[in-house]
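Below is one structure; the comments refer to it alone.
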Protein chains: 2
Amino acid sequence: MGLVATERLDRQRVIDAALNLLDAEGLDALSTRRLGAVLDASANAMYWHVGNMDNLVGFAADTVFAELELTSGAESWRDRLAATARELRGLFTRHRWLTAAFSANPRIHGPGIVRFQDHLLQVCHQAGFTGFDLDWAGATVFSYVIGDAWGQTPPPGSEPADTAAELVEQVKTDLADYPLLLDRYAALAGADPDDVNDASFEFGLRTLLDGLQAHLDHHITGPR
Amino acid sequence: MGLVATERLDRQRVIDAALNLLDAEGLDALSTRRLGAVLDASANAMYWHVGNMDNLVGFAADTVFAELELTSGAESWRDRLAATARELRGLFTRHRWLTAAFSANPRIHGPGIVRFQDHLLQVCHQAGFTGFDLDWAGATVFSYVIGDAWGQTPPPGSEPADTAAELVEQVKTDLADYPLLLDRYAALAGADPDDVNDASFEFGLRTLLDGLQAHLDHHITGPR
DNA sequence: ACCTGAACACCGTTCAAGT
DNA sequence: ACCTGAACACCGTTCAAGT
């Protein structure tokens with residue numbers, strides 16, 4: 001079963017093997033026994049290196065955060081913040097287990113995540129936010145991106161998503177009382193899901209940036 | 001073990017028992033065997049009524065959506081949208097298993113959820129959004145709220161969260177290279193976590209509403 | 001220091017059998 | 001129609017024992 005040459009284990013090899021399982025088959029596919037098989041080791045070999053399963057998922061999450069490309073260029077804060085948000089969104093789409101991992105264990109921390117948090121705050125600071133407004137501007141962007149990722153197509157391991165057309169058919173009876181909603185379902189059924197997701201994300205991102213701009217403008221010209 | 005008088009089971013009694021477990025102890029506490037014990041039935045009695053575990057969680061999620069109070073008053077769209085967002089946020093804080101339930105199984109649907117979706121679209125429609133902008137305005141608000149809920153204090157069943165002060169102590173070494181971030185952690189450590197969460201949510205909500213307002217204004221005065 | 005084997009206390013789900 | 005008991009194929013974790 002072992003797909004890796006049998007060498008000494010170390011923390012990084014355990015994490016890498018876990019990442020392969022997570023990316024390929026999702027959070028449910030990561031078990032101590034499957035991991036042991038991939039590593040040509042027993043199911044419990046990992047305990048010495050990462051402590052337990054929650055830690056392992058935390059290490060994996062932090063590892064993928066470290067792969068984010070964070071530009072430090074001299075563009076406008078608006079472009080930098082948009083780029084940061086898109087980078088984060090890409091992370092969640094490449095690693096669909098991430099949202100589930102965080103909602104099962106919100107206390108994941110590590111150098112990769114800290115590095116991203118700092119970058120996000122730096123960009124918001126460049127925009128002109130200070131004090132608690134700085135935290136909240138960053139949190140707002142982060143919340144929006146992860147909320148958007150949450151609504152994306154399901155992770156690997158689940159059956160393929162129904163087409164939008166099938167979905168309309170299924171809920172048509174439920175929607176009898178909601179003509180507006182039925183109309184929108186029908187419209188969305190005719191569009192490419194990925195295009196819809198992208199356009200929806202960009203709409204919300206632009207909305208957020210406009211709102212942050214408005215906040216900065218009000219503070220320059222005095223409080224409302 | 002049975003905490004309920006032994007009567008005939010039906011779908012609603014199974015869902016209600018599941019909700020009690022979910023609200024009290026979180027998603028991990030809901031198992032077929034514990035549910036059976038609460039209902040004075042065997043572990044598999046539920047299968048006849050709800051099909052399987054994913055369905056049961058879906059029914060529970062839809063049930064709590066149905067409890068949302070959706071005002072249809074004649075206030076401004078801005079107040080109505082804010083009220084809707086706060087209602088949704090309250091749902092996620094009262095039922096902390098909801099985010100995990102959705103990220104484990106994004107295909108949860110039902111009349112309660114459909115009712116809420118329609119309400120959200122109605123309010124955005126009142127604001128003046130049409131076509132895909134209508135969908136995206138609704139999706140933006142929804143994404144923000146669920147993303148915010150995702151960052152809230154952990155669900156029941158997990159150990160109590162570290163205080164912010166402890167957290168600062170833990171990550172102080174990781175944060176040596178990030179003075180701005182360290183500064184913010186320290187500032188947040190001195191504040192009440194609930195107050196911080198509330199203020200952060202309101203900041204982001206105001207930001208979103210300002211951004212949506214800007215979008216509507218631009219469309220009235222013509223495209224940019 | 002690093003890993004195994006066996007064991008413990010759990011899971012979700014199926015299915016024949018009961019009423 | 002509704003439910004049980006037993007079974008199957010899994011889990012995470014612990015721990016004595018090995019090297």
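So that the names make sense, note that chain A is the first sequence line, chain B the second, and so on, each numbered from 1. Values below: all heavy atoms of this structure, side chains included; hydrogens, waters and symmetry mates excluded.
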request  = Return no unless some side-chain N or O of A/H49 is found under 4.0 Å from OP1 or OP2 of C/dA1.
outcome  =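 Checking C/dA1 against A/H49, no side-chain N or O comes under 4.0 Å of OP1 or OP2.
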
request  = Examine C/dG5: is either OP1 or OP2 under 4.0 Å from a nitrogen or oxygen in the side chain of A/S42? Give yes or no.
outcome  =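 A/S42 to C/dG5 OP1/OP2: no side-chain N or O under 4.0 Å.
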
Under 4.0 Å, heavy atoms only, any strand: does [X] hit a base, just the sugar-phosphate, or nothing?
X	answer
B/S31	sugar-phosphate
B/A43	nothing
A/N52	sugar-phosphate
B/L30	sugar-phosphate

message = Run the ring-ring contact (aromatic ring centres under 6.0 Å, His included) test on B/F203 and A/F132 for me, step by step, so that the C-alpha distance in whole Å, both residues' side-chain angles and the decisive distance to 0.1 Å come before the verdict.
response = CA-CA 10 Å; B/F203 177 98; A/F132 285 112; over 10 Å; no

message = So, applying ring-ring contact (aromatic ring centres under 6.0 Å, His included) with A/Y144, which one of A/W150, A/F201, A/F92 is it?
response =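 For A/Y144, the ring-ring contact (aromatic ring centres under 6.0 Å, His included) check succeeds only for A/F201.
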
Using atom [atom1] of [X] as one end and atom [atom2] of [N] as the other, report the distance to the nearest whole Å.
X	N	atom1	atom2	value
B/W48	C/dA17	CH2	P	21 Å
A/L35	D/dC10	CG	C1'	16 Å
A/D40	C/dC3	CG	C1'	13 Å
A/R13	C/dC2	CZ	P	14 Å
B/R11	D/dC3	CZ	P	13 Å
B/M46	C/dC11	CE	P	13 Å
A/M53	D/dC11	CE	C1'	10 Å
B/N105	C/dG12	CG	P	15 Å

inquiry  = Can you tell me which nucleotide in C/dC3, C/dT13, D/dG12 comes closest to the side chain of B/Y47?
reply    =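 So the nucleotide nearest the side chain must be C/dT13.
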
Nucleotide nearest B/A45 (side chain, heavy atoms from C-beta), chosen from D/dC2, D/dT4, C/dC2 =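 The closest nucleotide is D/dT4.
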
ask   = Honestly, is B/R107 close enough over B/F102, meaning NZ or CZ under 6.0 Å from the six-membered ring centre and within 45° of the axis?
value =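 Geometry flag: not set, cation outside 6.0 Å or 45°.
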
task = Please tell me which of A/A41 and A/R33 maps to the more 5' nucleotide of DNA chain C, matching each residue to the nucleotide holding its nearest heavy atom.
result =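 Residue closer to the 5' terminus by nearest nucleotide: A/A41.
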
query = Counting only distance, no hydrogens or angles, is the base of D/dG12 paired donor-acceptor with the side chain of A/N44 under 3.5 Å?
reply =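 Such a pair does not exist between side chain and base.
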
ask   = Got a salt bridge between A/D198 and A/R89, using NZ or NE/NH1/NH2 to carboxylate O under 4.0 Å?
value =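 Salt bridge between A/D198 and A/R89, a charged N being under 4.0 Å from a carboxylate O: yes.
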
Geometric class of the A/F142/A/F65 ring pair [parallel <30°, tilted 30-60°, perpendicular >60°] =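 Judged by the thresholds at 30° and 60°, the geometry between A/F65 and A/F142 is parallel.
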
query = Does D/dA7 have a Watson-Crick or wobble mate here (both distances under 3.5 Å), and if so which one?
reply =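 Result: C/dT13.
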
